[in-house]
Amino acid sequence: MSAEKLYLYPVWIRLWHLVNALFCLSLIMTGISMQFSNPLVPMIRFDIAVSIHNITGILLSINYIGFLLGNLFTGNGRNYKMAFPGLSTRLKSQFHYYIKGIFTGDLPPFPISIEKKFNPLQQFSYVVIMYVSVPVLLVTGWSLMYPEVIPTRFLSTSGLHLTDLLHILIGFIISLFMFVHIYFCTIGKTTVSNFMSIINGYHETH
Amino acid sequence: MNSSKVRPSWVVIVLIVFTIILISVSYSFDSKAIVPGGDTLKSTQKTNSKSFAEFKNAQENESCLKCHGQSKYSYENNESGKQVFKRMYSELILTRTIFYESNHRNFKCIDCHSEDYKTFPHAGNLRMASKPNCLDCHGGDEMYAKYHFENIEKEFQESVHSEKHSQDFTCWMCHNGHTYKINARTNENIKQTIIYDNAICLTCHGDITKYQLLTDKENPNLIKKHEWLPNQQLHFKSVRCIECHTKKINDSTLVGHNIRPKAEAVKKCEECHSSNSVLLAALYKYKIRETRNAKGFFTGIITSNSYVIGANRNYYLNLLSLIIVGFVVAGIVIHTVFRMLK
């Protein structure tokens with residue numbers, strides 16, 4: 001099969017993705033700095049880290065609204081609609097490709113096309129991150145900025161503590177996702193081709 | 001046909017969400033219903049309902065309080081024979097309601113003050129007499145052993161208050177023997193304890209006239225000095241000044257008295273927001289232990305190991321997160337190596 005270029009990422013998605021990536025990087029770095037804060041050896045000075053984290057969090061929320069509206073009005077949202085019947089079989093099949101087929105020269109079980117730009121594992125993880133994790137992260141983040149909205153007691157423990165715990169756990173999961181996401185982007189036609197795709201909009205097939 | 005079909009999974013999700021909302025609402029109502037300060041309020045009401053005359057020595061104390069109990073007093077001028085009304089100097093006013101709620105409510109005035117005060121006008125030299133300190137009565141007394149007055153004295157001697165102001169700084173600077181009411185041990189409402197204890201610091205640090213009794217320095221602006229603190233207002237409402245400004249409090253004294261210079265104040269978030277918190281060391285340790293006893297082990301574990309604003313130092317959670325990161329990185333490395341070898 002000859003190499004083919006598919007225009008998968010229109011300008012708004014590329015812009016959104018770039019801004020989202022920068023904000024997430026900033027939030028992860030300031031988050032880690034606050035988590036392990038030590039004024040003697042600060043990664044980022046605490047008060048600065050707090051300000052950057054808060055401001056970037058607010059900007060990320062606005063960017064997220066852009067993502068939701070874009071998906072709603074451009075049809076990009078269909079890429080996130082998962083069909084539940086047979087989901088586990090498709091996930092397993094894609095997983096097997098990544099741990100075995102990819103080394104034995106098998107063709108990808110779900111080749112990327114204009115209609116289906118995500119493979120099942122991608123789709124599943126993107127949905128979990130963008131439609132479950134990020135909303136929880138934003139709600140808990142905003143709550144920590146306005147702690148008076150958090151119930152004092154929740155399930156017989158401090159509402160503030162639970163909110164913070166949830167915020168940090170989700171932040172941790174999204175940080176892990178970032179590593180895996182970047183690594184999986186190296187699995188393209190060439191190591192850099194997928195990175196180029198999100199810059200120029202064209203996906204190169206194998 | 002399909003649209004009328006409801007997936008069973010949706011029913012389960014709706015039920016779970018509903019249950020969580022219900023539990024959280026019921027807990028928020030519960031916490032309002034058992035306002036821990038209830039006892040204190042009741043005890044105050046009890047004291048108020050008791051007429052002052054019922055207190056031991058109240059009758060005798062009235063001979064002082066008839067003048068010192070309000071903002072004006074009167075006496076008969078022997079020469080003119082007229083009744084003279086004068087304003088009482090504000091620092092010498094002792095409100096009955098406050099005194100009869102204080103720990104020393106059953107004392108006679110002359111237990112601590114000279115008997116010569118019975119004579120009016122009072123002799124000028126009486127005010128030169130030194131005031132008794134806490135240890136003068138409470139030191140070495142078995143009855144008060146649980147309050148550890150000796151420890152408090154020792155901690156105070158090492159404090160910046162003692163170092164900088166030496167003999168001028170007495171217990172009275174913070175604890176007025178006329179109004180002092182034991183609080184941290186008896187009040188179940190942490191917020192009230194915090195307000196009460198912080199008010200003691202603010203008596204001087206929030207009032208230049210009292211602050212400058214001991215120094216000519218400008219009173220530092222506390223809001224500006226604490227600008228670095230995230231959620232400043234919330235911290236001021238929820239944390240006692242002494243939590244960060246005293247050296248490690250030992251468990252026996254609930255209120256630290258070794259106030260340290262500002263350079264030694266707690267500034268690291270994780271010192272409070274972690275399982276080995278300095279807050280847990282004393283007041284909060286006591287309160288959380290009480291909560292754990294009342295609410296069970298599981299809740300206690302969550303409470304003591306939880307963290308706020310990204311300063312968790314829970315050993316096991318940190319270890320777990322490192323292990324997970326390790327697995328992910330190892331997975332990526334192994335996958336990369338296999339891709340290179342294929």
Side-chain angles (χ1 to χ4, degrees), chain A residues 30-40 42 45-51 53-54 84 98-105 144-148 150-169 171-173 175-180 182-184 186-187 191, chain B residues 7 9 20 23-32 34 227-231 233-234 238 267-271 273 288 291 294-296 298-314 317-318 320-321 324-325 327-329 331-336 338-342:
Chain A
T30 49
I32 291 172
S33 179
M34 286 189 286
Q35 169 92 349
F36 301 104
S37 62
N38 182 345
L40 301 176
R45 210 178 78 199
F46 189 82
D47 51 349
I48 297 174
V50 173
S51 302
H53 200 82
N54 287 348
F84 284 96
Y98 279 136
I99 59 165
K100 193 165 170 262
I102 195 169
F103 307 119
T104 53
L144 289 168
M145 282 195 274
Y146 294 94
E148 62 275 14
I150 302 172
T152 318
R153 309 294 300 168
F154 186 82
L155 299 177
S156 78
T157 191
S158 159
L160 189 68
H161 285 161
L162 280 184
T163 309
D164 184 59
L165 189 71
L166 197 58
H167 188 74
I168 289 169
L169 280 179
F172 176 70
I173 290 167
S175 309
L176 287 183
F177 167 79
M178 185 190 71
F179 280 110
V180 178
I182 292 172
Y183 174 67
F184 270 67
T186 66
I187 310 176
T191 316
Chain B
R7 283 169 179 277
S9 58
I20 290 174
I23 291 171
S24 73
V25 168
S26 72
Y27 269 107
S28 68
F29 272 109
D30 265 354
S31 65
K32 276 174 199 158
I34 45 164
E227 251 172 6
W228 63 274
L229 189 64
N231 278 329
Q233 268 192 314
L234 203 63
S238 312
K267 269 193 143 181
K268 289 185 196 172
C269 306
E270 76 270 16
E271 287 193 39
H273 298 280
I288 284 167
T291 320
K295 293 192 172 165
F298 180 68
T299 311
I301 289 291
I302 290 179
T303 315
S304 67
N305 285 340
S306 48
Y307 44 51
V308 171
I309 315 179
N312 168 54
R313 287 296 165 98
N314 180 305
L317 270 184
N318 275 353
L320 184 69
S321 61
I324 294 172
V325 170
F327 272 118
V328 169
V329 173
I332 288 173
V333 170
I334 293 167
H335 204 264
T336 310
F338 273 96
R339 276 172 64 203
M340 288 162 76
L341 292 177
K342 74 170 183 179

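Labels below follow one simple rule: chain letters A, B, ... track the order of the sequence lines, proteins then strands, and each chain is numbered from 1. Any value given below was found using the heavy atoms of this structure, including those in side chains, with hydrogens, waters and symmetry copies removed. Bear in mind the structure is a predicted one, so any value in this text is a computation, not a measurement.
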Can you confirm whether R339(B) is buried at CZ, in the sense that more than 12 heavy atoms of other residues, nucleotides or ligands lie under 6.0 Å from that atom?
yes
Less than 4.5 Å apart, any side-chain heavy atom of I102(A) and any of F338(B)?
no
Dump the intermediate steps for side chain to side chain contact (heavy atoms under 4.5 Å, CB included) on L317(B) and L165(A), then the final yes or no.
CA-CA 11 Å; L317(B) 270 184; L165(A) 189 71; 4.1 Å; yes
So what's closer than 4.5 Å to chain B heavy atoms on T186(A): side chain, backbone, both or neither?
both
Whatever's closer than 4.5 Å to a heavy atom in chain B on F172(A) counts as side chain
Under 4.5 Å heavy-atom distance to chain A, tell me which part of V325(B) shows up: side chain, backbone, both or neither.
both
Evaluation steps, side chain to side chain contact (heavy atoms under 4.5 Å, CB included), between T336(B) and Y183(A):
CA-CA 9 Å; T336(B) 310; Y183(A) 174 67; 3.1 Å; yes
Donor-acceptor under 3.5 Å (H335(B) side chain, F184(A) main chain)
no
Rounded distance (nearest 0.5 Å) linking atom CD1 of I324(B) with atom CD1 of I173(A):
8.0 Å
